[in-house]
**Q** 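One structure, as structure tokens, below. Some questions next.
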Protein chains: 2
Amino acid sequence: MPDRTVADRLREAAFSLFAERGYDATSVEQIAERAGVGRSTFFRAYPTKEAVIFPDHDAVLARIEARLEAATPGQHFLAVREAARLALRHYLDEDDHARARYRLTRNVPALREREIAGMQRYQEVFRSFIRSWDVGSDPATARRVDLRAELLAAAVVTAHNHVLRRWLRGTTDAPEAEFDTAMAEVEQLFAAREPGGGHVVVLGPGADLDRALAAVREVLS
Amino acid sequence: MPDRTVADRLREAAFSLFAERGYDATSVEQIAERAGVGRSTFFRAYPTKEAVIFPDHDAVLARIEARLEAATPGQHFLAVREAARLALRHYLDEDDHARARYRLTRNVPALREREIAGMQRYQEVFRSFIRSWDVGSDPATARRVDLRAELLAAAVVTAHNHVLRRWLRGTTDAPEAEFDTAMAEVEQLFAAREPGGGHVVVLGPGADLDRALAAVREVLS
DNA sequence: GACAGGTTGATACTGAGTACGATAACAGCG
DNA sequence: CGCTGTTATCGTACTCAGTATCAACCTGTC
């Protein structure tokens, strides 16, 4: 592959130098030097030094938004789950590169902030989509729907990150299976509360069977 | 008050300059000049230019941790809710200052990242506390408890932020009342799943009465 | 007054990010 | 082939945040 692009060479040079001396101890000039280009060229390929580590957030975000746009009515949570799966798969495909980035973000506070900020962008996309499920009627329920949209978006991103981090740490070999169960957990938390979604019956500890059955009958009447 | 501290004068100078020219267009040198001190003194009072805006995150975090430490067994969620209330009250007490900071964080990406990172620290404190409710038994349930701790911590922080932002935007005059209902919402989402808490029966749309009753019978058997 | 400790401020340095202008590589086109 | 407009690259110079250092300056105390 003699036609590796300049951005590729810079990325490789950056990661190797970060592994050798650490992020802070590596200057952009050194990265450019190892890549065999000038310092100016680095900043043309990547807007900041941090950006060399987080290259394609925008692309992933665009794919997620496209998946959400294509949601079938009545299949909203499915759309959210599958959109989140796109993000997960993206990182799984990166493999070693994702792990190298994880090592860096673990140890360098500035990079950790950057990554968290990126996650917030995902969350906002999900929140906005989830919010659009319900058209606001009166202000009181609108407030409630706003909050629930934020909560569900946060839950989806949290569950995704939870599984992803376990895979990045090497704690699990079956991230996608864990993703499914984690998302099922999230769906169960929220599912029955969706409009037209059905009902939830909460049975406290020591629940009485007859009273429980009566409650279910009433709800479904 | 002739004995305003140097840090106070710097903070006031910084906010007035930020309001006049914006954050990026204001240099640390200009802040120091308006405060009547040297540039070195600024960095002795605040480690970074951003830190002049987020002064006492550590103090709030410490109060939250103290509140969680003092939790009565069996009153775990109460402890979490009241600890989160400490954070809310802190911002409410700041009043205009909190709103000024909010205006800045809305418009300056670097500051938004900073604030989000700060919120993540709260979330981690909550997560760690919530996780300690359950002692890990077998790996399978430990995983489940890990995820649920993250989800609940994220929900608490999200609900807190939701209410706080409404107040910062001037959308509500009764933030603490909204905080109570928001936290009740969060508690309801998670309540029934707590160990010894009972069961939740989820009935999908178009649920069949007989099958629902059968499910309840099985769960309570 | 002399001495010790802490605070300030000036200076100088590194490194990220921006702006700009010069030059080289590379089209297309006669 | 030669000319020309375009684009990539590079070097230079600049601003500013953040760090390190040292001299000057105020405290107080004996």
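Each chain gets a letter, A, B and so on, in the order its sequence line appears, and its residues count up from 1.
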**Q** Measure distances between side-chain N and O atoms of B/R39 and base N and O atoms of D/dG18, and say whether any donor-acceptor pair falls under 3.5 Å.
**A** yes

**Q** Round to the nearest Å and state the distance from B/I53 atom CD1 to D/dA17 atom C1'.
**A** 14 Å

**Q** Once you round it to whole Å, what is the distance between C1' of C/dT11 and CZ of B/F43?
**A** 15 Å

**Q** I'd like to know whether A/T141 forms a side-chain hydrogen bond (donor to acceptor under 3.5 Å, both in side chains) with A/D138, so could you lay out the CA-CA distance, the side-chain angles of the two residues, the decisive distance to 0.1 Å, and finally the verdict.
**A** CA-CA 6 Å; A/T141 63; A/D138 64 303; 2.7 Å; yes

**Q** Tell me, yes or no, whether the heavy-atom count around B/R106 atom CZ, taken from other residues, nucleotides or ligands under 6.0 Å, exceeds 12.
**A** no

**Q** How many whole angstroms separate atom CD1 of B/I31 from atom C1' of D/dA17?
**A** 11 Å

**Q** Measuring from the side chain of A/V28 (C-beta onward, heavy atoms only), which nucleotide among C/dA16, D/dG18, D/dT9 has the closest atom?
**A** C/dA16

**Q** Indicate the atoms forming the closest heavy-atom contact of B/Y46 with B/A51, along with that distance.
**A** CD2-O, 3.8 Å

**Q** Looking at D/dG11, I'd like to know if its phosphate oxygens (OP1 or OP2) sit under 4.0 Å from a side-chain N or O belonging to A/S40.
**A** no

**Q** Starting at atom CZ of A/R44, determine the distance to atom C1' of D/dC10, rounded to an integer number of angstrom.
**A** 8 Å

**Q** Could you tell me whether A/R85 and A/E82 make a salt bridge, using a distance below 4.0 angstrom between a side-chain N and a carboxylate O?
**A** yes

**Q** Could you state the atom-to-atom distance from CZ of A/F42 to P of D/dC10 in whole Å?
**A** 14 Å

